[in-house]
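Notes follow once the structure below has been shown.
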Amino acid sequence: MKPVSLATLRDMKARGEKISMLTCYDATFAHAMSGAGVETLLIGDSLGMVLQGHTSTLPVTIADMAYHTACVARGNQGALIVADMPFMSYSTPKDALDNAATLMRAGAHMVKLEGGAWLCDTVTQLMHGGIPACVHMGLTPQSVNVFGGYKVQGRGDDAGDRMLAEALAVEAAGAAVVLLECVPRSLAARITAALGIPVIGIGAGADCDGQVLVLHDMLGLHTGKPARFVRSFLTESNDGIRGAFHAYVTAVKQGHYPAPEHGFD
Ligand code: KIV
């Protein structure tokens with residue numbers, strides 16, 4: 001695959017080609033995913049749950065993220081690498097710059113932070129420091145204790161209007177990408193249409209510019225009841241794990257995933 005850059009993602013949005021993203025935590029999976037055409041690999045702090053066995057992402061440290069980012073970078077064949085900033089690693093712009101620099105040195109091309117308009121100064125400083133930022137909005141798992149559980153966000157006109165305004169604010173501040181998790185399909189479609197930057201969704205319907213899933217979910221490795229938006233591609237593949245990655249890319253690009261039943265109203 002020709003190396004994927006932020007410019008590639010912008011071009012894909014402009015011509016309406018869907019962007020595929022999967023979470024990835026090690027070199028072997030990075031090699032297989034990027035070889036199958038997955039354009040963006042996310043070292044998600046979901047690793048706290050799926051690799052480390054915690055019940056939330058809160059215990060994950062910047063050292064954990066740097067270690068897995070370096071592993072992914074060694075196996076990658078041209079995908080854009082996005083690394084999550086873990087809980088409390090960006091509570092001030094100075095912490096954000098220092099910790100994002102650690103992830104970029106480990107091999108990331110972009111960092112992801114959870115929040116909204118309160119991140120604007122941080123996003124601008126990261127951009128001036130040469131670090132593109134993806135802002136994760138909607139259900140932000142690091143705030144699970146504030147939400148009181150993993151719940152759909154942005155329901156109702158007021159909450160939806162607020163999320164759209166915050167998405168426009170982070171774009172104006174210099175965000176490179178917005179990621180929407182568990183928001184109503186209609187709201188995700190409004191935000192995607194309003195923003196010039198790519199919008200990646202998970203549980204946010206088919207109208208986003210791209211889709212992301214957690215690796216273990218898309219391989220059908222659930223320890224509990226899977227979320228509504230999860231589809232297992234391994235069970236549908238005739239060619240094992242590599243085939244599952246190809247099937248996922250094809251389904252995203254052809255608009256077959258997510259289907260209406262994977263979304264929220
Ligand atoms: O950490 C993660 O895996 C994520 C995805 C759910 C988007 O942030």
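Side-chain atoms are counted along with the backbone in the values below, which use heavy atoms only and exclude waters and symmetry mates. Counting starts at 1 for both ligands and their atoms, in listed order.
Among protein heavy atoms, the minimum distance from atom 2 (C) of ligand 1 is reached at Ser46 OG, 3.3 Å.
For a threshold of 3.5 Å applied to N or O pairs, the pair formed by Asp84 and ligand 1 contains at least one separation below that value. For a threshold of 3.5 Å applied to N or O pairs, the pair formed by Asp45 and ligand 1 contains at least one separation below that value. Between Tyr25 and ligand 1, no N or O atom pair is found at a separation short of 3.5 Å. Between Lys112 and ligand 1, at least one N/O pair is under 3.5 Å apart.
Formation of a donor-acceptor pair under 3.5 Å by the Glu171 side chain with backbone atoms of Ile197 is found in this model. Under the 3.5 Å distance criterion, the side-chain polar atoms of Thr23 are matched with a main-chain donor or acceptor of Leu215.
Around the CZ atom of Arg105, the shell of radius 6.0 Å holds no more than 12 heavy atoms that belong to other residues, nucleotides or ligands. Counting heavy-atom neighbours within 6.0 Å of His31 NE2, excluding the residue itself, gives a total of 12 or less.
Side chains of Thr250 and Tyr257: no donor on one and acceptor on the other come within 3.5 Å.
Heavy atoms of Leu42 come nearer than 4.0 angstrom to ligand 1 in at least one pair.
Asp265 has a carboxylate O that lies under 4.0 Å from a charged side-chain N of Arg185, or vice versa, which qualifies the two as a salt bridge. At a threshold of 4.0 Å, the pair Asp161-Arg190 counts as salt-bridged, since one of the basic side-chain nitrogens sits closer than that to a carboxylate oxygen.
Within the listing of ligand 1, atoms 1 (O), 2 (C), 3 (O) sit less than 4.0 angstrom from a heavy atom of Gly44. Close approach of ligand 1 to Thr23 is summarised as follows: ligand atoms under 4.0 Å from at least one heavy atom of the residue are 3 (O). Atoms of ligand 1 lying under 4.0 Å from any heavy atom of His136, numbered from 1 in the order shown and given with element: 8 (O).
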